[in-house]
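Just so it is clear: chains get the letters A, B, ... in the order the sequence lines come, proteins before strands, and each one is counted from 1. Since the structure is predicted, the reported quantities are computational estimates derived from the model, not experimental observations.
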Amino acid sequence: MWGLVGDPARIPEWWPGIDRATVEGATRVVTTGAGLEIHEDIVTLDDIERRFQYRIAGPMVREHLSTLDVLDLGDGTCLVVYSADAEPATMALVIAGAAGNALDHLPDVLARKATEDAREGPAAGAATEGATTEKETS
Amino acid sequence: MGRKILFVTTDQQRYDTLGCNGGELARTPVVDGLAAHGIRYERAVPQSVVCMPSRSTMVTGQHPTTHGVYMNGVPLPVDAPSVAAVLHEAGYRTALVGKAHFEPYLDPFLRFAENALSRSGTRPPGGTHRGFEHMELATHGPLGPLHYARWLQAEHPEAAAGYYAVVDRDLEVNAGGGGDTGAPQVKVNPIPREWYHTDWVAERTIRWLEGLDQGDDWFCWMSFPDPHHPWDPPQSEVGRIDWHDVPLPAGYPERREEREAILDAKPRHWRLWYDGTLVSNYEAPAAWVPATLTTDQVREVNARNAVEVELIDEALGRVLAAIEARGWGDETDVIFTTDHGELQGDFGLLFKGPYHVDALMRLPLVWRPAPAARAAAGDVGGPGVVTEPVGLVDLAPTFCHIAGLPVPGFMQGRPLLVRDGERGSGGAGGVLTEWDSELFGVGVHLRTITKAGYVLTAYLPGTVHDGSEGELYDLEADPLQRVNRWSDAAMRGLRADLLAELSDRQPPPHEPRLQLQAPV
């Protein structure tokens with residue numbers, strides 16, 4: 001799970017409505033389904049704590065901080081927590097709605113990827129990652 | 001070959017804006033003509049007084065509690081039952097042209113099918129969406145990804161800026177004013193009439209009808225975005241009605257002291273909103289204080305609203321003429337209504353919210369049955385009037401009835417009455433309306449029943465109500481709902497009876513509870 005959601009460039013794989021993501025250093029630019037480019041600053045990317053935080057730098061927001069934590073529940077499962085603070089509050093609601101939808105679909109996304117990897121073998125899995133990288137940088 | 005169905009909706013239109021309902025401001029000869037040859041309903045009640053829940057009721061035939069769209073911003077599940085799907089499966093060609101709004105508009109991620117559709121055309125992926133094989137969508141202006149906005153931006157981009165900007169830089173509903181009086185959500189719009197969304201909706205409806213085979217049965221939902229605010233009709237048409245000559249509405253108490261005394265006798269969120277200290281509905285501009293509303297602003301808003309109503313009437317006339325020209329006139333049922341009303345100056349307020357009074361709850365509804373069907377039934381087709389309460393929840397069963405189909409079990413309404421007393425004594429149950437909002441920490445919850453000349457609203461606990469409040473109005477003795485008789489000892493028995501029916505008839509809830517995903 002952390003390998004997916006903890007990689008800022010892989011967000012199009014699990015967040016419906018984000019078509020493209022480009023990461024350069026500590027900045028990410030995502031392009032939404034409506035064609036809107038959102039510029040973000042990566043604040044925290046901690047593989048040990050499994051915490052990812054980013055701020056939207058614009059447009060349409062004055063203040064924003066989203067935090068994504070992956071908590072190991074110790075039984076082979078995990079809990080993914082996404083929280084967002086934003087001004088204006090309307091934007092927080094829009095982000096939270098989309099994030100909630102994305103989280104709802106995460107188990108299905110992971111199950112599908114696991115099925116694909118199992119069916120096509122390790123080589124195909126590597127190819128999938130390669131295709132993802134290409135998508136991220138396009 | 002069966003009966004064709006033209007279902008015409010407007011957005012946020014009051015009962016008293018039609019000539020056939022006694023309105024004297026807008027000229028509405030087309031709808032008046034339908035009423036003269038059909039049935040006019042004097043107490044049509046929505047199940048919610050905001051767009052998404054009410055429209056979801058119309059398409060599902062269910063109350064908001066059951067379909068789950070309890071407020072704007074909660075999307076109707078894609079797999080929700082739909083009368084359009086029932087008709088399509090029975091062989092009807094199906095279309096929705098204009099405003100849908102079963103899914104949120106504020107959608108930068110383009111997650112919702114209604115918003116994504118215009119990228120691919122007018123035929124939904126998979127063949128249908130909610131049973132509609134053709135969707136060509138519009139809302140109140142040129143923003144967003146809907147078909148009308150794309151068309152305007154592509155064909156007449158210079159006209160887009162003429163519209164009022166419905167949201168401000170904070171994505172809040174814009175409180176800015178304009179026109180001659182500075183009234184909120186008013187703007188001079190230089191757009192040519194033929195590019196305005198009302199005429200576009202009619203034109204696209206005609207084009208879809210032209211593409212059908214002569215023998216097709218069809219169900220077309222033609223959904224005008226007006227006269228919902230903003231009030232920015234084409235400036236070329238504004239001169240039809242000089243706002244200086246517009247009388248103040250009967251529901252607008254001109255003296256401030258009287259206005260405020262009336263509000264103070266109602267549950268406290270009425271006065272709190274009026275004073276600008278509580279906003280419980282996103283679509284009421286948060287930065288606008290109703291207490292600042294002037295008499296001239298009331299006049300100008302009503303004038304512009306009436307112009308928009310006239311444009312709709314004329315657009316409908318063109319569509320009906322096209323249907324006649326195809327030879328379908330005698331076999332087409334026309335139903336005209338709206339999703340909810342508009343305060344439009346009543347009590348010194350504009351827009352809408354958790355206020356279950358006639359301004360928002362008494363709707364225009366006219367059904368002109370197919371003349372051939374009436375003739376076959378031995379009905380001479382004269383005007384009919386139904387005074388008993390009916391609900392928008394009854395529309396979907398009515399469409400099934402018109403099509404000769406059984407009413408599916410998922411629908412909670414019944415086919416519309418065609419005359420009073422049709423259901424016998426005790427058969428005319430009350431009509432339910434509900435409000436639930438949880439927006440930015442403000443929770444308001446109302447349950448209402450309209451029955452036998454009374455409307456009763458019970459308040460559930462929320463952030464401004466403790467659950468003991470209520471409203472009870474005698475609609476005949478107090479048509480403006482100025483005297484709240486909730487605490488009147490003389491009404492104790494009636495209140496208990498209505499509360500009991502209200503409680504007993506609460507529809508089953510949608511499980512799981514749906515999530516709010518956007519402000520609107």
Side-chain angles (χ1 to χ4, degrees), chain A residues 5 10-21 28-40 54-64 66 68 80-109 135, chain B residues 52 69 71-78 103-120 125 143-146 149-150 153 165-175 279 281-287 437-442 512-520:
Chain A
V5 302
R10 295 184 67 183
I11 192 169
E13 296 178 52
W14 63 275
W15 185 301
I18 292 183
D19 289 351
R20 194 164 58 242
R28 177 171 72 174
V29 179
V30 301
T31 305
T32 72
L36 182 69
E37 279 197 352
I38 301 176
H39 295 254
E40 300 166 338
Y54 65 97
R55 293 187 190 278
I56 295 177
M60 295 195 301
V61 294
R62 285 194 299 273
E63 294 286 339
H64 166 260
S66 277
L68 190 148
V80 182
V81 180
Y82 184 100
S83 59
D85 290 321
E87 283 287 339
T90 42
M91 182 49 77
L93 186 52
V94 171
I95 294 170
N101 180 60
L103 294 186
D104 286 344
H105 288 89
L106 255 179
D108 292 339
V109 171
K135 185 176 182 182
Chain B
M52 290 182 67
V69 182
M71 65 181 289
N72 277 349
V74 178
L76 181 67
V78 171
E103 299 157 17
Y105 281 146
L106 211 51
D107 179 23
F109 298 98
L110 220 58
R111 295 189 292 127
F112 299 108
E114 288 173 15
N115 300 324
L117 180 59
S118 70
R119 292 198 300 189
S120 58
L143 295 179
L146 302 179
R150 286 186 185 275
Q153 295 284 2
V166 292
V167 294
D168 62 20
R169 296 178 67 180
D170 283 348
L171 295 181
E172 293 285 356
V173 170
N174 201 339
V279 178
N281 177 34
Y282 174 75
E283 285 193 84
S437 59
E438 293 281 356
L439 191 65
F440 306 138
V442 177
R513 181 175 169 81
L514 300 176
Q515 295 296 309
L516 180 66
Q517 302 209 15
V520 69

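- More than 12 heavy-atom neighbours from other residues, nucleotides or ligands sit within 6.0 angstrom of CD on B:Gln153.
- Applying the ring pair (Phe, Tyr, Trp, His ring centres under 6.0 Å) rule to pairs touching residues 80-103 of chain A yields A:Trp15-A:Tyr82, sequence neighbours excluded.
- Separation of atoms CG (A:Asp19) and CZ (B:Phe109) is listed at 11.0 Å; rounding is to 0.5 Å.
- Ranked by non-hydrogen atom pairs under 4.5 Å with chain B, the options A:Ala92, A:Ala98, A:Ala89 are led by A:Ala98.
- B:Arg169 CZ: 12 or fewer foreign heavy atoms inside a 6.0 Å radius.
- Contacts between A:Ala96 and chain B at a heavy-atom distance below 4.5 Å are absent for every atom of the residue.
- For B:Phe112, no part lies under 4.5 angstrom from a heavy atom of chain A.
- The salt bridge (charged side-chain N to carboxylate O under 4.0 Å, His left out) search around A:Glu40 returns A:Arg28, not counting sequence neighbours.
- For B:Pro519, the parts lying near chain A are the backbone and the side chain together; criterion is any non-hydrogen pair under 4.5 Å.
- Of all heavy-atom pairs spanning B:Asp170 and A:Thr90, the tightest one is O-OG1, 2.8 Å.
- For the pair A:Thr32 (side chain) and B:Leu110 (backbone), a donor-acceptor distance under 3.5 Å is absent.
- Between the side chain of B:Arg111 and the main chain of A:Asn101, no donor-acceptor pair closer than 3.5 Å is present.
- B:Pro108 and A:Ala34 make their closest contact through O-CB, 3.2 Å (heavy atoms, listed as atom of the first residue, atom of the second, distance).
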